[in-house]
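Quick note: numbers below take in every heavy atom, side chains included, and nothing from hydrogens, waters or symmetry partners. Start at 1 with the first residue, then count along the sequence.
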Amino acid sequence: GDNTWQAISSAPEVTATASGTIPDGSSVIVKSDGTVSVVAAEAATVGSSGDIEDTAFYDRWAAHDPVNNKVLVIFKAGNNHLKAIVGTVSGTSISWGSSVTFYSGQAQQLHLAWHAYRSKFVICYSRSSPDKAYIGTVTISGTTPSISNQVQLATSHQNEHPRIAFDGSGGGVVTYREYINNYLVCRAFTQAADGSISIGSQLTPAGNITSRWMDVAYDSANDKYQFFYMISSNNTRGTVSGSVNNINSMSFGTAISFNASASNLNNKYMILECVGAGKFLGIFSDGDNSEKPTATMITVSGTTSTFGSTAVLHDGESVAANSHSLSKYEAISDTYVYTFQDYGDNSEFKSVTFKCTTSGVSDIQSEVVLDSSSNNQVFTCYDSTAKALIGVYRDGSNSSYGTYIVQKLATTNVDNGNFLGFASAAYTNGQTATIKVVGNTVTKSSLTPGKKYYIQHNGTIGTTAADPSVEAGIALSSTK
């Protein structure tokens, strides 16, 4: 035939355009635009606070749209109208478009979630006139948000604390407090490609229990939802699993509870996050320990749930139920950031970073102050493009205006997918760089033959894996 064969190189190399200066022998990554640059550490930073909009800022929520690379903030303005505004992150600053009014009556009980399968947002909120709660679709065009396909969720605007989880294929579940009987309820729903929403029947996942605070998360490995809630009648925390049979039917496991104590219902917040198959991270105010924010691991086997040991995230006074949030910091494996308003320290806006795997919570770091003024209604979301936490809140020292702040954790620009190799020479910006890739050798010093080496955050190599773990190669001698 016409096939030709070429010898496999014993010292493979690739060429690409240098982005910035690349020293000889340095570790190199390939960037999203196809250029190459050196591996570099990125220091932890907290930007300066800035105004979102010069208006009083009450109930709020935020989520990131990775498709359009925008942050969407919904909030109740000083006139009680429901508004939305779109921001674009650059470094530790955000530029904002013009806000859009979604509802010009009195709005409350807001919630916003990004539906990755549909590349759209889902919003929940309540109206005072007519006296009803709604679920709908939000999309972004440029820096302009729009709301559509609104469907009545419940008959009373006092249905409280809606929370949403998605199943990864167009469906989801919304849970909330049904005001007439104060029951914990949920509804399955679907969001079509055009944004239209179909909502199912109202169900009670834990029977007819009264609850004010709740959350829900989805376990994709087992195709189950997990509910985490407070039982108002005795102040215990409860959890139960559920599977969707169809939009009007779910099968629930056996509900269990723990942690019976305390009487201040206003601070009984609940957060739930799936961290692996049958494993959920729950965060709650511990009534047995001065209402301190506490983490626990919930394990689900079949339809049976169990609570694990607990870990205190903030060893201080209680934090407000409507002034805290949890974000997974996706740029660093198994890393989560809990943010809160510290009642015991002038209502400062703070964050705590920790690790969480299916084995539990570990490596809880010291608190970081994001804003030392008197703040409330604090909330954060993760921007996967900027690799940053976006904090939104009401600044009590600035006429209660809507305010933002950006936090970045110490990390690096290298990961398992973009490490390319080592520079064969020194290059300046724009030059064609030759990079030694896997199968080639590079000259180093003080190596231990036979040892595996890993790329460190700053581009050096070491025998201990960094996070993320990126292999550099195995030492053949003390210099190669």
Go through it in stages, so that I can follow the logic: the residues are Q407 and S351, the test is side chain to side chain donor-acceptor pair (under 3.5 Å), and I'd like the CA-CA distance, side-chain angles, deciding distance and then a yes or no. CA-CA 9 Å; Q407 179 188 17; S351 69; 3.2 Å; yes
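- Side chains of N376 and S323: a donor-acceptor N/O pair is absent below 3.5 angstrom, by distance only.
- Side chains of S146 and T139: a donor on one and an acceptor on the other come within 3.5 Å.
- Here the straight-line distance linking atom OG1 of T35 with atom CD1 of I29 works out to 8.5 Å at 0.5 Å rounding.
- Heavy atoms only, all atoms of each residue included: L281 and A295 are closest at CD1-CB, 3.9 Å.
- The distance from the CE atom of M230 to the CZ atom of F284 is 13.0 Å, given to the nearest 0.5 Å.
- In this structure the side chain of Y134 never reaches within 4.5 angstrom of the side chain of I147, judged on heavy atoms.
- Taking all atoms of both residues into account, the shortest heavy-atom contact from I85 to S98 is CG1-C, 4.2 Å.
- Residues P205 and C186 have side chains in contact (heavy-atom distance under 4.5 Å, counting atoms from C-beta outward).
- No side-chain heavy atom of N458 sits under 4.5 Å from any side-chain heavy atom of T412.
- A donor-acceptor distance shorter than 3.5 angstrom exists from the side chain of T357 to the backbone of S359, with no hydrogens or angles considered.
- Residues forming a side-chain contact (heavy atoms from CB on, under 4.5 Å) with V100 (at least two apart in sequence, or on another chain): F102, T144, P145.
- Scanning all heavy atoms of the two residues, the minimum distance from A410 to I332 falls at O-CD1, 3.4 Å.
- Counting only heavy atoms from C-beta outward, the side chains of F379 and W61 approach each other to under 4.5 Å.
- The heavy-atom pair separating T339 from S325 by the smallest distance is OG1-OG, 2.8 Å.
- The salt bridge (Lys or Arg N to Asp or Glu O under 4.0 Å) pairs that include a residue from residues 343-363 are D342-K350, D345-K350, E348-K350, K350-E367, K355-D467, where partners are two or more places apart or lie in different chains.
- Side-chain contact between L72 and V138: present, with at least one pair of heavy atoms (C-beta onward) separated by less than 4.5 Å.
- Ring to ring, F340 and H314 are close: their centroids are under 6.0 angstrom apart.
- A donor atom on one side chain and an acceptor atom on the other are not found under 3.5 Å apart for Q108 and S128.
- Using modelled atom types, one finds a donor on one side chain and an acceptor on the other under 3.5 Å when comparing T239 with Q226.
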S99 vs K83, test: side chain to side chain donor-acceptor pair (under 3.5 Å). Steps then yes/no. CA-CA 6 Å; S99 64; K83 303 183 77 173; 3.3 Å; yes
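- The aromatic rings of H161 and W213 lie tilted to each other, with the angle between the two planes from 30° to 60°.
- By the neighbour-count criterion of 12 heavy atoms within 6.0 Å, atom NZ of K328 is sparsely surrounded, having that number or fewer from other residues, nucleotides or ligands.
- With sequence neighbours left out, the side-chain contact (heavy atoms from CB on, under 4.5 Å) criterion links S469 to Y454, A465.
- A search for ring-ring contact (aromatic ring centres under 6.0 Å, His included) contacts involving F252 returns nothing, not counting sequence neighbours.
- With hydrogens and angles left out, the side-chain atoms of H324 and Y338 include a donor and acceptor closer than 3.5 Å.
- Between I74 and L110, the closest heavy-atom pair is CD1-CB, 4.1 Å.
- The one candidate from T88, V89, D383, I405 that meets the side-chain contact (heavy atoms from CB on, under 4.5 Å) condition with I94 is V89.
- Side-chain polar atoms of Y125 and R127 form a donor-acceptor pair below 3.5 angstrom.
- Identified under the ring-ring contact (aromatic ring centres under 6.0 Å, His included) test for residues 184-210, with sequence neighbours left out: none.
- D194 and N149 form no side-chain donor-acceptor contact under 3.5 Å, judged by distance and modelled atom types alone.
- Between M297 and K279, some side-chain heavy-atom pair lies under the 4.5 Å cut-off.
- Defined by atom type and a distance below 3.5 Å, a donor-acceptor pair is missing between the side-chain atoms of Q109 and S126.
- Closest heavy-atom contact between S19 and K31: OG-NZ, 3.0 Å.
- Checked by atom type, the side-chain pair R394/N375 shows no donor-acceptor distance below 3.5 Å.
- Between V86 and W96 there is no side-chain heavy-atom pair separated by less than 4.5 Å.
- Rounding to the nearest 0.5 Å places OG of S362 at 8.5 Å from CG of D334.
- Ring geometry for Y336 versus F354: interplanar angle under 30°, hence parallel rather than tilted (30 to 60°).
- Two residues are said to be in side-chain contact when any heavy atoms from C-beta on lie closer than 4.5 Å; V39 and V28 fail this criterion.
- Between Y225 and Y218, the two ring planes are tilted [angle within 30° to 60°].
- Annotation: side-chain contact (heavy atoms from CB on, under 4.5 Å) contacts of S384 (sequence neighbours excluded): H64, P66, E330, Y382.
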Derivation of the salt bridge (charged side-chain N to carboxylate O under 4.0 Å, His left out) call for K387 and E42: CA-CA 11 Å; K387 297 181 181 180; E42 299 176 2; 5.5 Å; no
